[in-house]
Amino acid sequence: MKKRLEYLLQSAIDTLKAQGDLAADVKVDVMVERTHEVRHGDYATNLAMTLAKAARANPRQLAEKIIGALPGHPALVKTEIAGPGFINFFIDPKAQFRSVRQILEDGREFGLSEAGAGRSVMVEYVSANPTGPLHVGHGRGAAYGSAVANLLAAVGFKVHREYYVNDAGRQMDILAASVWLRYLEECGEVLPFPSNGYRGEYVRDIAQALLKQACSDYLHPAAKVMEGLPPDEPQGGDKEIHIDAVVARAKGLLGPEGYRCVFDAGLHSILDDIRKDLGEFGVEYQEWFSERSLAESKAVERALDTLRASGHLYEKDGAVWFASSQLGDEKDRVVVRENGQTTYFASDIAYHMDKLDRGFDQLINIWGADHHGYIPRVKAAIAALGGDPSKLDVLLVQFAVLFRGEEKVQMSTRSGEFVTLRQLRNEVGKDAARFFYALRKSDQHMDFDLRLATSKTNENPVYYVQYAHARICSVFRQLDEKGLPRDVVRGLNHLERLVEAHETALLTTLSRYPEVVESSALQHAPHHLVHYLRELAAELHAYYNAHQFLVEDAGLRDARLNLIAAVRQVLLNGLRLLDVSAPESM
RNA sequence: GCGCUUGUAGCUCAGUCGGAUAGAGCAUCGGCCUUCUAAGCCGAGGGUCGCAGGUUCGAGUCCUGCCAAGCGCGCCA
């Protein structure tokens, strides 16, 4: 209906232009929106006000001309000029019944659209370093990315979900060294653990598994391991220098093959865990893309060659730099270090070249907000590679600050003191976690109160929406228990009997659902959908309390049952996009 | 110091492309279970939209300055 009105208005504008009431070259952006108040009708446009200046006319007079030129439409029963020049549209209430019919007919398909027109979009999200289990910060990115991907798919985009596995680089080396040291401890060696190593209990688990599988293949005496290492921080040294030396020692003593085995033991174990964790959280990927493979396939080299050929690289201080500052970045960035190793950024350039080569129409990266400073250099890289930087949308997710009631929960990955996503799921369940994360605008700071999310009370918003669904299911169970028949067609034929205020409110809200899905998707804002679902649930609860559904009058009863069946369907469809379950009883 | 983000009710947050009297949940207070699930409903109170200017028919929304908070400013990832 909204689009229909926009079309009608556009045609009215064309008429005015033809009549000379409006200059032909005036650019017109027709906007129709839902009204906030019943007395303003169902839809409104500010068109007359926006055009008043160009038409050199009083907005209200212009509004009259627009209405005069407006083609008729059967569902449009009244137009009105209000306030400074709004045109309000009143829709025949019967037109709202169409939604119920449509919802019951379309079922799970209701709300899907073709706004994306089959354009392909890659959504890369979570992409946490496989150096330990996912924590609650990653959970927000997972819930958000997954919902955005679902929404985009629902409005007709071809969505490819991808996880970039940072299986290369210094942090992974530190993990490998940490695994090896714990392994040596399991073998009975006594040696100090680096202050900068990964201290989590999971590292011991990996070491134990490694010992079981490889026995003493990687055993070296502690004295040999520690010999000549620079001191660690507690001994007055530098923890970074120390840990790098430990890594080098591991590589030296184990040899390339042995080191790779220890390294992979850590990588595979953690990656499997992450994969399982996300799977249980309802987060799936089409591809897990390995950073290491970019180096191994020479893709990094090729990317750098491309940049060099187009004159975007230069050498300085023994390193190779990418002149990103010429393309909007703050400063130039190193891609090959003095020691000959490529940087993480070099891999990322290759990764984005690969994404471009795969031909996606649009790229979406979902990152932690602490990486925002990284955006200009990646866009610069895309431009330098000959791509279009506007194809890339980086959506930032703020880390949630965890609370237990009033108390802030401290977290640190290195020390192993953090709340994992798995712990969160075990405590509050997948549904509450998914819903809670989706509740807030993603780039906004968020207080995540574990006590609130764990509470099984009405403070917890997810139950409110689920309860609405369960209540409707319960009504249908009651219908069966009472042995009453249900006739969907009879209900459809009696829809015009739904005249109560609660009923017309629900009809309007139901008809909004496809618009909400579309705007949530295009704005990458699942929280709009969440708020809509809460509103729909609230109206259902109010209706439930105000009116009896299982009434004697079969026509009215069936009409009401059709209405709440439609509500149930929309709740289910919306919750599915968020990967939150819709229980039939609670 | 520079850059990015944020500042809305006691608390947590919505507010679409600048639109009509700024909303919701929680908390507080007062009501509603003989009736399809009270994990619910009905009602009440609660606001200098950080501050000050500007743009215009109209600003929580756009611009400038200031104040405050968070993050980022590696040959880490």
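The structure displayed is predicted, hence computed values, not measured ones. Chain naming here is simple, since letters A, B, ... match the order of the sequence lines and numbering starts at 1 in each.
Residue Asp370(A) places no side-chain atom within donor-acceptor reach of the base of G72(B), judged by atom type and a 3.5 Å distance cut-off alone. Not a single donor-acceptor contact under 3.5 angstrom links the side-chain atoms of His541(A) to the base of C41(B). Judged by distance alone with a 3.5 Å cut-off, no donor-acceptor contact links the side chain of Asn46(A) to the base of A20(B).
The residue Ala319(A) sits close to a base: some heavy atom pair falls under 4.0 Å. Within the nucleic acid shown, Asn129(A) comes within 4.0 Å of sugar-phosphate atoms alone, with no base atom in reach, counting heavy atoms only. Using a 4.0 Å heavy-atom cutoff across all strands shown, Ser347(A) reaches no nucleic acid atom at all. Within the nucleic acid shown, Asn339(A) has no heavy atom closer than 4.0 Å to any nucleic acid atom. Counting non-hydrogen atoms under 4.0 angstrom, His547(A) reaches a base of the nucleic acid. Within 4.0 Å (heavy atoms only), Arg333(A) reaches no atom of the nucleic acid at all.
Comparing G23(B) with G15(B), their C1' atoms sit 7 Å apart, to the nearest whole Å.
The neighbour count for Glu552(A) CD, taken as heavy atoms of other residues, nucleotides or ligands under 6.0 Å away, does not exceed 12.
By the 5.5 Å and 30° criteria, His372(A) is not stacked with the base of G72(B).
Residues from residues 518-525 of chain A with heavy atoms under 4.0 angstrom of RNA chain B: there are none.
Between Lys316(A) and C75(B) there is no side-chain N or O to OP1 or OP2 distance below 4.0 Å.
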Strand RNA chain B in bracket notation, Watson-Crick/G-U under 3.5 Å with | for pairs to another chain: (((((((..((((.....[...)))).(((((.......))))).....(((((..]....))))))))))))....
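Between His502(A) and Tyr543(A), the ring planes lie parallel to each other; the angle is under 30°, not in the 30° to 60° tilted range.
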